[in-house]
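So the structure is just underneath, and the comments pick up after that.
Note that ligands are numbered from 1 as they come in the structure, with each ligand's atoms numbered from 1 the same way.
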Amino acid sequence: MTAPSRVVLSLRGATKTYGHGTGRVTALANVTVDIEEGRFTAIMGPSGSGKSTLMNLAAGLDDPTSGEVWLAGHGLHLLDEEARTVLRRTHVGFVFQAFNLVPTLTAMENVLLPLALAGRRLTREDDLRVDRLLGELGLDERRHHRPGELSGGQQQRVAIARALAGTPSVVIADEPTGNLDTRSSREVLGLLGSAVESYGQTIVMVSHDPVAASRADRILMITDGRIVGDHPRCTPEEIASLLIELEVGAA
Ligand SMILES: Nc1ncnc2c1ncn2[C@@H]1O[C@H](COP(=O)(O)OP(=O)(O)OP(=O)(O)O)[C@@H](O)[C@H]1O
Ligand SMILES: [Mg+2]
């Protein structure tokens, strides 16, 4: 018998609308989903289907119009802005499509930044972990380089090290391989996959790439702001057919 999984992220009837009157858009419509600890979840769906909206709500970067978001046992609606910022800094690691590194800081300084922002005093374990991360990411020789001196793939690896450095409850990755060539994408996915397998990291990743999503334990399909599919691990071919079905269904 396996131990029951712990839910680290939960959306309860989350709806997000933008605009008013005829310009009103429902980006997310009554979404209820639980994300369990130590799992790698991929979110897929057409452009404009609400994937980034879902990620922004999950990370507490934006509020639902109605419904609730629970992160690491805390209801975000119950917290003020300051408490939410603290919660986000402690519990969420971010990786975006545009690497979002601070251009004036070195790779190492960028990786340590979230820990500094969270007001964490760096322990010997933190140092060792960050060292090991940079080594695993093949950035040993690059730790004192600034983002402008790194390739796209290297910058994204720094962004992943930064997201993992604080051992957050959940890493939210919105198209982390969107800007990378095939080889760099595969490297970045390998890193995300091994963070889940080796360290039990929880990752939620938006991707358009069936090969990327085939690394995930679970694949959520979203269309028009609703979750329309929830699948266990699939092959890239199976995922490609699911995407085609979605598009045919939407046409
Ligand atoms: N700030 C905003 N103001 C108004 N409408 C918005 C805003 N952000 C998103 N939307 C709308 O909400 C819907 C969902 O957008 P979202 O960014 O979540 O899609 P997505 O699935 O991430 O798409 P993509 O794959 O292109 O990144 C879209 O129709 C979009 O135009
Ligand atoms: Mg998006």
Below 30° counts as parallel, above 60° as perpendicular, anything between as tilted: where do the rings of H77 and W70 land? perpendicular

From S241, S49, P46, residue fulfilling side-chain contact (heavy atoms from CB on, under 4.5 Å) relative to L246: P46

Out of the candidates T53, L28, V228, V206, only one should pair with I222 under the side-chain contact (heavy atoms from CB on, under 4.5 Å) rule; please name it. L28

Could you check [atom] against the protein and tell me its nearest heavy-atom contact, residue, atom and distance included?
atom	value
atom 12 (O) of ligand 1	A27 CB, 3.3 Å
atom 25 (O) of ligand 1	K51 NZ, 2.8 Å
atom 28 (C) of ligand 1	G48 O, 3.7 Å
atom 17 (O) of ligand 1	S52 CB, 3.7 Å
atom 6 (C) of ligand 1	Y18 CD1, 3.2 Å
atom 30 (C) of ligand 1	V25 CG1, 4.9 Å
atom 26 (O) of ligand 1	S47 OG, 2.6 Å

Under 4.0 Å to a heavy atom of [X] - the qualifying atoms of ligand 1, by number:
X	result
E175	25 (O), 27 (O)
H208	25 (O)
P46	21 (O)
T53	14 (C), 15 (O), 16 (P), 18 (O)

Backbone or side chain, does any N or O of G50 fall under 3.5 Å from an N or O of ligand 1? yes

Is the closest heavy-atom distance from [X] to ligand 1 below 4.0 Å?
X	answer
S49	yes
M55	no
G45	no

So, S52 and the Mg ion (ligand 2): N/O/S under 2.8 Å, yes or no? yes

One pair to check against salt bridge (Lys or Arg N to Asp or Glu O under 4.0 Å): D126 and R129. What are the steps and the verdict? CA-CA 5 Å; D126 288 327; R129 195 177 53 253; 3.0 Å; yes

For S10 and R12, does a side-chain donor sit closer than 3.5 Å to a side-chain acceptor? yes

Where do M108 and L134 come nearest, in terms of heavy atoms and distance? SD-CD1, 3.3 Å

Identify the two heavy atoms, one from R142 and one from A107, that lie closest to each other, and give their separation to 0.1 Å. O-CB, 3.5 Å

Residues R186, D209; criterion salt bridge (Lys or Arg N to Asp or Glu O under 4.0 Å); working and verdict: CA-CA 11 Å; R186 298 294 171 258; D209 175 4; 3.3 Å; yes

K16 (side chain) donor-acceptor with D63 (main chain) under 3.5 angstrom: yes

Tell me if a side-chain donor or acceptor on D217 pairs with a main-chain N or O of F40 at a distance below 3.5 Å. yes

